[in-house]
Amino acid sequence: MLSRQQLIQQIKQKKSFLCVGLDTDIDKIPAFLKEYPDPLFEFNKRIIDATRDLCIAYKPNAAFYERHGVAGLQSLIKTSEYLPKDCLSIIDAKRGDIGNTSGMYAKTFFDKDAAGMDFDAITVAPYMGSDSVTPFLAFEGKWVIILALTSSVGSKDFQYLDTGNGPLYETVIQKANTWAGADRIMYVVGATKSTEFTNIRKYAPDNFLLVPGIGAQGGSLEDVCKYGMTKDCGLIVNSSRAIIYASDGKDFAEAARAEAMKVQQQMAAELEKAGVV
């Protein structure tokens, strides 16, 4: 488990707030890896070994493993066990259901004795309200990362709806803040929504924000930092495809490291500019 203070220490020590997304697609990994007994895990293992000193978090996306059934879940379990203990481990599962069902999801990803996984954090869809979120918060020391304002095209369908007291995403943040503090709850905010970060910080001044959307999706790291960074950094910026698929050859791990280092160096400059390090 990685506490808020430990997370901040990692950011300062590594001069990075990079999260490497392990969206491991069997159709995109180098062909030679398919000769291994577990191609997904072999790919992940080499990516982790190549980037662990440059990032502070890893985020496997559950869908890329569940599509393979039992074999994929075994790859996910092995990946979760291999993730460095000094990095925040996030399962991007976007779960959220009635209380009893959310409780089962929480056990799946948080209780090692239940399903072999012990992630530090999980992404959660808050549409069903507190019933869908509080079962995850029942696991002491675990983080819940709530979808607030996503980088998806369809975000405008619901997230910007006027509630009479501002857009719906503001209501989500304000309500979720009553369930737990900034040491337990983070929010997903897409990098392509950088101009909204100033507004979001009115309602979540201290919470860490998990920010997907830089790199392949076109979000600007500089803008994210300009509008969203706090005295403790307050950001975990995810990059998946731009790093893990930097090469489809035998040098894929080295290429991933080179891409991760580029991002880390940009992050170091932003942290120094903001006086965080």
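Values below: all heavy atoms of this structure, side chains included; hydrogens, waters and symmetry mates excluded.
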Quiz prompt | I185 to N207 - nearest heavy-atom pair and separation | solution = O-ND2, 2.9 Å
Exercise. Kindly work out whether a path of hydrophobic side-chain contacts (I/L/V/M/F/W/Y, heavy atoms less than 4.5 Å apart) joins F109 to M128.
Key: no
Quiz item: Is any side-chain N of the basic residue among D92 and K59 closer than 4.0 Å to the acidic one's carboxylate O?
Solution: yes
Practice problem: Examine I29 and L73 and state if one hydrophobic cluster contains both, with Ile, Leu, Val, Met, Phe, Trp and Tyr joined whenever side-chain heavy atoms are less than 4.5 Å apart. | Solution: no
Quiz item: Hey, does L88 have a side-chain heavy atom less than 4.5 Å from the side chain of F208?
Solution: no
Quiz item: Taking atom types as modelled and ignoring hydrogens, do the side chains of N199 and E170 form a donor-acceptor contact shorter than 3.5 angstrom?
Solution: yes
Quiz prompt | Same apolar cluster: F17 and I8, side chain cutoff 4.5 Å | solution = yes
Quiz prompt | Residues that D120 engages under salt bridge (charged side-chain N to carboxylate O under 4.0 Å, His left out), provided they are two or more places apart | solution = none
Quiz item: Under a 4.5 Å side-chain heavy-atom rule over Ile, Leu, Val, Met, Phe, Trp and Tyr, are I56 and M261 clustered together?
Solution: no
Practice problem: State whether E42 and R46 are salt-bridged, where the test is any N-O pair (Lys NZ or Arg NE/NH1/NH2 against Asp/Glu carboxylate O) under 4.0 Å. | Solution: yes
Exercise. Walk me through it: do Q6 and D86 pass the test side-chain contact (heavy atoms from CB on, under 4.5 Å)?
Key: CA-CA 8 Å; Q6 288 171 322; D86 65 344; over 6 Å; no
Practice problem: Determine yes or no for a side-chain-to-main-chain donor-acceptor pair under 3.5 angstrom, with T150 supplying the side chain and G190 the backbone. | Solution: no
Quiz item: Is it the case that more than 12 heavy atoms not belonging to E222 sit under 6.0 Å from its CD atom?
Solution: no
Quiz item: Atom CD1 of I122 and atom CD1 of I146: how far apart are they, to the nearest 0.5 Å?
Solution: 11.5 Å
Quiz item: Does any pair with a residue in residues 140-155 pass salt bridge (charged side-chain N to carboxylate O under 4.0 Å, His left out), and if so which ones, sequence neighbours excluded?
Solution: D118-K142
Quiz item: Is a donor on one side and an acceptor on the other found under 3.5 Å between the side chain of S16 and the backbone of L54?
Solution: yes
Quiz item: What distance do C19 atom SG and L210 atom CG have between them, rounded to the nearest 0.5 Å?
Solution: 6.0 Å
Exercise. Evaluate the criterion side-chain contact (heavy atoms from CB on, under 4.5 Å) for residue pair Y65 and N44; output intermediate values, then yes/no.
Key: CA-CA 12 Å; Y65 304 89; N44 289 348; 3.0 Å; yes
Quiz item: Do S155 and K193 have a side chain donor and acceptor closer than 3.5 Å?
Solution: yes
Self-check item: Point-to-point distance, once rounded to the nearest 0.5 Å, from OG1 of T51 to CD1 of I243
Solution: 7.5 Å
Quiz item: More than 12 non-hydrogen atoms from neighbouring residues, nucleotides or ligands closer than 6.0 Å to NZ on K78, yes or no?
Solution: yes
Quiz prompt | F41: partners by ring-ring contact (aromatic ring centres under 6.0 Å, His included), with sequence neighbours left out | solution = Y82
Practice problem: Is it possible for you to say whether V133 and I98 belong to one hydrophobic cluster, with membership spreading through side-chain heavy-atom contacts below 4.5 Å? | Solution: no
Quiz item: Would you find a donor on one side and an acceptor on the other, under 3.5 Å apart, between the side chain of W143 and the backbone of L2?
Solution: yes
Exercise. Identify the two heavy atoms, one from P84 and one from I48, that lie closest to each other, and give their separation to 0.1 Å.
Key: CD-CG2, 3.8 Å
Practice problem: Could you list all the salt bridge (charged side-chain N to carboxylate O under 4.0 Å, His left out) pairs where at least one residue sits in residues 195-204, not counting sequence neighbours? | Solution: none
Quiz prompt | Candidate list D223, V211, L149, test side chain to side chain contact (heavy atoms under 4.5 Å, CB included), partner F197, passing option | solution = V211
Practice problem: Measure the CG-CD1 distance between N238 and I214 for me, rounded to the nearest 0.5 Å. | Solution: 8.0 Å
Quiz item: With no hydrogens and no angle check, is any side-chain donor or acceptor of Y245 less than 3.5 Å from a backbone partner on D25?
Solution: yes
Self-check item: Donor-acceptor pair, side chain of D111 and main chain of D113, under 3.5 angstrom
Solution: yes
Exercise. Mark yes when over 12 heavy atoms from residues, nucleotides or ligands other than K94 sit less than 6.0 Å from its NZ; otherwise mark no.
Key: yes
Exercise. For the pair K14 (side chain) and R52 (backbone), establish whether a donor and an acceptor sit closer than 3.5 Å, ignoring hydrogens and angles.
Key: yes
Quiz item: Taking the side chain from Q264 and the backbone from C55, do they hold a donor-acceptor pair closer than 3.5 Å?
Solution: no
Self-check item: Whether T163 side chain and G166 backbone form a donor-acceptor pair below 3.5 Å
Solution: yes
Quiz item: By side chain to side chain contact (heavy atoms under 4.5 Å, CB included), which residues pair with E81, not counting sequence neighbours?
Solution: I77, K112
Quiz item: Taking the side chain from D183 and the backbone from R4, do they hold a donor-acceptor pair closer than 3.5 Å?
Solution: no
Exercise. Locate the shortest heavy-atom distance separating S80 from F119; write the atom from each residue and the value.
Key: CB-CZ, 3.5 Å
Practice problem: Quick one: do E270 and K273 satisfy salt bridge (charged side-chain N to carboxylate O under 4.0 Å, His left out)? Show the steps, please. | Solution: CA-CA 5 Å; E270 292 293 341; K273 187 194 304 183; 3.5 Å; yes
Self-check item: R67 side, atom CZ; N61 side, atom CG - distance, nearest 0.5 Å
Solution: 12.5 Å
Quiz item: Do the non-hydrogen side-chain atoms of Y58 and S89 ever get within less than 4.5 Å of each other?
Solution: no
Quiz item: Taking side chain as C-beta onward, heavy atoms only, is M117 less than 4.5 Å from T108?
Solution: yes
Exercise. State whether a side-chain donor-acceptor pair under 3.5 Å links N177 with Y187.
Key: yes
Quiz item: Shortest non-hydrogen contact from F136 to R95?
Solution: CZ-CB, 4.0 Å
Exercise. Kindly check if the number of other-residue, nucleotide or ligand heavy atoms within 6.0 Å of CZ (F32) is above 12?
Key: yes
Self-check item: By ring-ring contact (aromatic ring centres under 6.0 Å, His included) - contacts of F252 (at least two apart)
Solution: F43
Quiz item: Shortest non-hydrogen contact from V124 to S132?
Solution: CG1-O, 3.9 Å
Exercise. Quick one: pull up SG in C233 and CE in M267 and give me the separation to the nearest 0.5 Å.
Key: 8.0 Å
Quiz item: Does D38 come within less than 4.0 Å of K45, counting only side-chain N to carboxylate O?
Solution: no
Practice problem: Look at atom NZ of K34 and say whether more than 12 heavy atoms of other residues, nucleotides or ligands are closer to it than 6.0 Å. | Solution: yes
Quiz item: With a 4.5 Å limit on heavy-atom distance, are the side chains of M186 and I236 in contact?
Solution: yes
Quiz item: Checking side chain to side chain contact (heavy atoms under 4.5 Å, CB included) against L22, which of L40, L76, T79 comes through?
Solution: T79
Quiz item: If you take all heavy atoms of D248 and P30, which pair is closest and at what distance?
Solution: O-CB, 3.4 Å
Quiz item: Is there a side-chain contact (heavy atoms from CB on, under 4.5 Å) between Q174 and N165 once you walk through the steps?
Solution: CA-CA 11 Å; Q174 291 178 77; N165 291 301; 5.9 Å; no
Practice problem: Run the salt-bridge test on E259 and K262 with the 4.0 Å N-O cut-off and return the result as yes or no. | Solution: yes
